[in-house]
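First comes the structure, then the notes that go with it.
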Amino acid sequence: VSAIVLDPAGEAFFRDGASGPAVAQRLLSSLNNAAAAFSNVSTPPLVLCASDIRPAVSEFFGRRVPGLAVASFAEMDAKTTVKTLALVHG
């Protein structure tokens with residue numbers, strides 16, 4: 001599975017919820033840049049994150065990037081190999 005992963009600051013944004021609009025914009029810009037890594041991959045972009053923030057990540061990015069799949073690492077089969085194509089910075 002090829003994926004986009006959130007950095008610790010990005011995950012903290014969803015856990016704390018008090019980082020403000022500048023961080024939200026930085027996450028979106030970083031996601032747009034990260035999506036370019038998928039131009040040479042036949043599968044659609046997938047964002048992987050911690051399970052405790054998955055609903056918030058899905059809601060945040062889903063409203064802004066229609067069709068973007070979000071899953072938690074816990075949802076991946078233990079035998080699945082995850083290739084990180086890009087990191088979203090918070």
Side-chain angles (χ1 to χ4, degrees):
V1 171
S2 298
I4 297 170
V5 178
L6 297 174
D7 74 356
E11 289 199 353
F13 170 80
F14 292 102
R15 282 195 184 96
D16 302 341
S19 297
V23 176
Q25 186 57 47
R26 193 167 50 244
L27 283 167
L28 288 172
S29 294
S30 185
L31 178 66
N32 284 336
N33 293 337
F38 276 82
S39 62
N40 297 327
V41 179
S42 61
T43 59
L46 169 69
V47 174
L48 277 178
C49 61
S51 58
D52 64 316
I53 61 169
R54 184 197 183 285
V57 171
S58 182
E59 180 181 338
F60 179 83
F61 286 131
R63 286 186 289 154
R64 293 161 177 87
V65 186
L68 181 67
V70 177
S72 72
F73 290 102
E75 293 174 284
M76 297 289 105
D77 185 280
K79 296 176 184 174
T80 301
T81 301
V82 176
K83 180 180 179 182
T84 302
L85 292 184
L87 191 64
V88 172
H89 303 280

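Throughout, numbering of the chain's residues begins at 1 and tracks the sequence.
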Any side-chain heavy-atom pair of [X] and [Y] under 4.5 Å:
| X | Y | answer |
| --- | --- | --- |
| Ser51 | Glu75 | no |
| Leu6 | Phe14 | yes |
| Leu46 | Val1 | yes |
| Val5 | Val47 | no |

Indicate yes or no for a side-chain donor-acceptor contact from [X] to the backbone of [Y] under 3.5 Å, with no hydrogens or angles considered.
| X | Y | value |
| --- | --- | --- |
| Asp7 | Leu87 | no |
| Ser29 | Gln25 | yes |
| Arg54 | Val70 | yes |

Ignoring hydrogens, what is the shortest heavy-atom contact between [X] and [Y]? Give both atom names and the distance.
| X | Y | answer |
| --- | --- | --- |
| Val23 | Phe13 | CG1-CD1, 3.5 Å |
| Cys49 | Glu11 | CA-OE2, 4.0 Å |
| Arg15 | Ala50 | NH2-CB, 3.4 Å |
| Val82 | Ala3 | CG1-CB, 4.2 Å |
| Gly90 | Leu27 | CA-CD2, 3.7 Å |

Val65 vs Leu31, side chain to side chain contact (heavy atoms under 4.5 Å, CB included): CA-CA, chis, key distance, verdict: CA-CA 9 Å; Val65 186; Leu31 178 66; 3.7 Å; yes

Connected via hydrophobic side-chain network under 4.5 Å: Ile53 and Leu68: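 The answer is yes; both residues are in one hydrophobic cluster.
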
Cluster overlap Ile4 with Phe61, hydrophobic side-chain contacts below 4.5 Å: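 Linked, Ile4 and Phe61 end up in one cluster.
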
Stacked cation flag Arg64 on Phe60, 6.0 angstrom / 45 deg: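 The answer is yes, since Arg64 meets both limits relative to Phe60.
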
Atom pair NZ/OG of Lys83 and Ser2 - distance to nearest 0.5 Å: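 With rounding to 0.5 Å, NZ (Lys83) is 6.0 Å from OG (Ser2).
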
